[in-house]
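Okay, structure first, notes after.
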Amino acid sequence: MVKTVDAPEGIEGQGFFATSLDKVIGIARSNSIWPLPFATSCCGIEFMATMGANYDLARFGSERLAFTPRQTDLLMVMGTISKKMAPVLKQVYDQMAEPKWVLSVGACACSGGIFDTYSVLQGIDKVIPVDVYVPGCPPRPEQIIEGLMKIQELAKNESLRRRDSDEYKKMLESYNIQSAEQ
Amino acid sequence: MDNQLLLTHITSIMGAEPQAEIDNYGMLNVAVSADALIGLVEGLKSQQGFIYLTDICGAHYPERVGGEFEVVYHLHNLVANQRVRIKVALSESALTVPTLTGLYAGANWMERETFDFYGIQFDGHPDLRRILNMDDMDYHPLRKQYALEDETRTDKNDTFFGR
């Protein structure tokens, strides 16, 4: 059985359907999220299972993985990020086009995990903003899917003007990231 | 070649009997000064067939006054399957040993690693800069005076269970 996305609220009549642009774009975005897997360690193995036939992330419209940041919407950080890797991660985030989301998968990406040591970044939110955290060491594929579904909810309900807001720009500035010129 | 025979070879290379002991795993440990290092390793390589440099590493003994740091070399004679460990003790005020890159090209990265983690200078090294840690790190993390834990950790700030 093919399950399609439910239509948003709107006014329906014979031969027409009217709703707000926000909702239509939200639906389109949330069901065609292209992830960029930034897999550095064991959480990446769980991600491979998530992409495989058993768990099948493609069901959520995330069929198309890309390793080029300019074509992707979702940065999935899976694994330990060392301090030497941090500038690379930040550059990848910088190169992604708005709107973009970040999913932090696993204890290491969220907080440094067991690696409370001089060489490891203590959570990727020290260098880039994170939308959804998935705990676990490593998390099961079900948890990663749950995280992606949370991202879908965010994408679906996000106001089209959110990324122009002062609040959002301030948040980027606090990470020392230049917001894209409109 | 056994350890006793090797020790006589080392004595003849150095011209004097070095401070030596055999560890619990049957490996000969030789302690030499930084000045005598190159002569000994060159002799072992050219005369005794120790053509393979297995490892270079550092160590820090803060309580050992006058020899706080140590550089440890492992050499291997592949034909006779004989290994030897050479230790060079250094005081904190003179942290310099001559480089082995002229004898073994593989010493390059190992010496960079030892420099990275202990701050030991390798005199004559072609490119002595950090190799594993990030470039803007301003200390040598495996010295004992630095904490292993990261100061930016925030989720362990708990009175009873964290630090």
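As the structure is a prediction and not an experimental result, all values here were calculated from the model. Values reported hereafter were calculated over all heavy atoms of this structure, with side chains retained and with hydrogens, waters and symmetry mates removed. Below, chains carry the letters A, B, ... as their sequence lines are ordered, and counting in each starts from 1.
For E63(B), the CD atom is densely surrounded, since the number of other residues' heavy atoms within 6.0 Å is greater than 12. By the neighbour-count criterion of 12 heavy atoms within 6.0 Å, atom CD of Q19(B) is sparsely surrounded, having that number or fewer from other residues, nucleotides or ligands. Within 6.0 Å of CG on L78(B) lie more than 12 heavy atoms contributed by other residues, nucleotides or ligands. Residue D2(B) qualifies as enclosed at atom CG: its count of foreign heavy atoms under 6.0 Å is above 12. In K23(A), the NZ atom is crowded: over 12 heavy atoms of neighbouring residues, nucleotides or ligands sit closer than 6.0 Å.
One hydrophobic cluster, built from ILVMFWY side chains closer than 4.5 Å, cannot hold both I128(A) and V105(A); they sit in different ones. Criterion: ILVMFWY side-chain heavy atoms under 4.5 Å apart, direct or through other members. Under it, M27(B) and V30(B) are not part of a common hydrophobic cluster. Under the 4.5 Å side-chain heavy-atom criterion for grouping Ile, Leu, Val, Met, Phe, Trp and Tyr, L154(A) is not connected to L36(A) through any hydrophobic cluster. Each of F38(A) and W101(A) belongs to its own hydrophobic cluster when Ile, Leu, Val, Met, Phe, Trp and Tyr are linked at side-chain heavy-atom distances under 4.5 angstrom. Hydrophobic clustering (side-chain heavy atoms under 4.5 Å, transitive across Ile, Leu, Val, Met, Phe, Trp, Tyr) groups Y168(A) together with V102(A).
Screening L121(A), D116(A), V120(A) for a side-chain contact (heavy atoms from CB on, under 4.5 Å) with D150(B), the sole residue that qualifies is D116(A).
When every heavy atom of K84(A) is checked against every heavy atom of I131(B), the shortest pair comes out as NZ-O, 2.9 Å. A pairwise comparison of heavy atoms in Y118(A) and N133(B) identifies CE1-OD1, 3.7 Å as the closest pair.
Legend: salt bridge (charged side-chain N to carboxylate O under 4.0 Å, His left out) pairs involving residues 125-136 of chain A, not counting sequence neighbours: none detected.
For residues 53-83 of chain A, the interface with chain B (any heavy-atom pair closer than 4.5 Å) comprises K83(A), sorted by residue number. Listed in order of number, the residues of residues 48-61 of chain B that approach chain A to under 4.5 Å between heavy atoms amount to none. Residues of residues 139-147 of chain B having a heavy atom under 4.5 Å from any heavy atom of chain A, listed by number: Y139(B), P141(B), L142(B).
Between the side chain of R153(B) and the backbone N or O of T117(A), no donor-acceptor pair lies under 3.5 Å.
Note that the OG atom of S119(A) and the CE atom of M134(B) stand 9.0 Å from one another [nearest 0.5 Å].
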